[in-house]
Asks: 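The structure that follows is given in the form of C-alpha cells.
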2 protein chains.
Amino acid sequence: MNETTLCPRFEKGMQILSKRWTGLIVNQLLNGPQRFCNIESAFPISGRILSERLKDLEFEGIVKRDVYPETPVRIEYSLTEKGKALAPVMVEIQNWAQEWLAPIQNQ
Amino acid sequence: MNETTLCPRFEKGMQILSKRWTGLIVNQLLNGPQRFCNIESAFPISGRILSERLKDLEFEGIVKRDVYPETPVRIEYSLTEKGKALAPVMVEIQNWAQEWLAPIQNQ
DNA sequence: ACATGAGCTTACTTTAAGTAACATGCCAAA
DNA sequence: TTTGGCATGTTACTTAAAGTAAGCTCATGT
C-alpha cells in the first residue's frame, strides 16, 4: 500500500473515467449538447449524482455548461475540446464490448 | 430515472471499467503475469479490494488465476484474451491523459 | 514451539451513491 | 392572486461500496 510509480497522468485519467457514470455521461454528450433532464433520462442515474458528476466534469474542463435564460430556463451541457478528445476511448470501449461481451449473458 | 436505451454491451463494459481500480489493475497486468503482492504494491489499493476486484475480473473472464503450489504458494494473475483485448482502450486513455492532463496540475 | 511469507478473510469505520422531498425562478391558467 | 408546472438543482436521510487493521492458513525453516 505505497505510492504509485505509474504515469501520474494515466492514473489521473483513470481516476476520472473510473467514477461511476462518468463514462456514460461523456459518451452521451458525444451525441451533441444536451440538457440535464435529457441526460438524466438516458440511463438510471439519480439527479443528485448527475448534478455532482456534471460539476466534477466541468471542473475538470471536460464539460461546458451554457445557460439560456429562456422560460423555463434551459441549460445545455456539452463537451469541451478536452472532452471531445475522449471519443477514441469511447470507441475502443465500444469495440471491445461489441467483440467480447455477449448480448445475452456475459461469459 | 428510467431504463436505458443505450447499447447494453457498451453499458456493461463501462460498468466493468468504471469500478475503482479495475482499469489500473488491467493496465498493470498488461505488463505480464503478476502476483498479488506485486499488484498490491503497484498502487495504493487495499488488499481487501484487490482481492475482490481480481475475483470480479476472473468472473468476467478478463483475468486468469494460476496457482503454483510452491512454498510459499505462488499465485499468478494474468490477462485472458478478453483481458488483453482491452489494451487499445488503455492506450487511448493513456494518449488522452498524455495530451490533456497537465503533469503539474490539471486544467 | 515459534516465526515467516503469500494470499486471503473477517470485523469495523469512513466515504460514496441512491431516494425522496423540497427550494427557486419564472410564467400561465384558474 | 393563489395555484400549478417546468427545469434545475439542493438538502436530509438511508443503503452500498471502499478503506483499515487484525487475524487465519498452509508449508517450511530455525
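What you see is a predicted model; the values in this text were computed from it and never measured.
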Asks: Closer than 3.5 angstrom, by distance alone: can the side chain of S51(A) be matched with the main-chain N or O of G47(A) as a donor-acceptor pair?
Replies: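 Checked: no pair found.
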
Asks: Establish, with yes or no, whether the OP1 or OP2 oxygen of dA16(C) is under 4.0 angstrom from a side-chain nitrogen or oxygen of W21(A).
Replies: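 For W21(A), the contact criterion (side-chain N or O under 4.0 Å from OP1 or OP2 of dA16(C)) is not met.
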
Asks: Just by protein heavy atoms under 4.0 Å, how would nucleotides 4-12 of chain C read 5' to 3' in B, S and -?
Replies: --SSSSBB-

Asks: Could you give the CD-to-C1' distance, from E70(B) to dT25(D), as a whole number of Å?
Replies: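 Atom CD in E70(B) sits about 18 Å away from atom C1' in dT25(D).
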
Asks: What distance do I93(B) atom CD1 and F10(A) atom CZ have between them, rounded to the nearest 0.5 Å?
Replies: 5.5 Å

Asks: Without decimals, in angstroms, what is the distance between K19(B) NZ and dA16(C) C1'?
Replies: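 For the pair K19(B) NZ and dA16(C) C1', the rounded distance is 13 Å.
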
Asks: Working to the nearest 0.5 angstrom, can you tell me the gap between T80(A) OG1 and W100(B) CH2?
Replies: 7.0 Å

Asks: Apply side-chain contact (heavy atoms from CB on, under 4.5 Å) to the pair R53(B) and K19(B), showing each step before the final yes or no.
Replies: CA-CA 9 Å; R53(B) 280 297 173 282; K19(B) 276 198 147 183; 3.8 Å; yes

Asks: For I25(B) and dA18(D), what is the distance between atoms CD1 and C1' respectively, to the nearest whole Å?
Replies: 13 Å

Asks: Find the distance between NZ (K55(B)) and CD (E60(B)) and round it off to the nearest 0.5 Å.
Replies: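 Going from NZ on K55(B) over to CD on E60(B), the span is 14.5 Å.
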
Asks: About how many Å separate CD1 of I25(A) and CD of E40(A), when rounded to the nearest 0.5 Å?
Replies: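 E40(A) atom CD to I25(A) atom CD1 measures 10.5 Å (nearest 0.5 Å).
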
Asks: Check the distance between dT15(C)'s C1' and E52(A)'s CD and give it to me in whole angstrom.
Replies: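 To the nearest whole Å, that distance equals 11 Å.
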
Asks: Verify the contact: side-chain N or O of R20(B) to OP1 or OP2 of dG19(D), cut-off strictly under 4.0 Å; return yes or no.
Replies: yes

Asks: Separation of I45(A) atom CD1 from dG9(D) atom C1', in whole Å?
Replies: 14 Å

Asks: Report the distance from atom CD of Q34(A) to atom C1' of dT8(D), rounded to the nearest whole Å.
Replies: 16 Å

Asks: Can you tell me how far CE of M14(B) sits from CG of L17(A), rounded to the nearest 0.5 angstrom?
Replies: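 One finds 6.0 Å between CG of L17(A) and CE of M14(B).
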
Asks: Give, for atom OG of S78(A) and atom CD1 of I62(A), the distance between the pair rounded to the nearest 0.5 Å.
Replies: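 So the OG of S78(A) and the CD1 of I62(A) are separated by 13.0 Å.
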
Asks: For the helix from dA1(C)-dT30(D) to dA30(C)-dT1(D), how many degrees between its two end axes (five pairs per end), to the nearest 10°?
Replies: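 Here the local axes at opposite ends form an angle of 30°.
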
Asks: List the steps and the verdict of side-chain hydrogen bond (donor to acceptor under 3.5 Å, both in side chains) for E76(A) and Q34(A).
Replies: CA-CA 5 Å; E76(A) 274 197 353; Q34(A) 280 171 66; over 6 Å; no

Asks: In whole angstroms, how far is the C1' atom of dT10(D) from the CD1 atom of I49(A)?
Replies: 13 Å

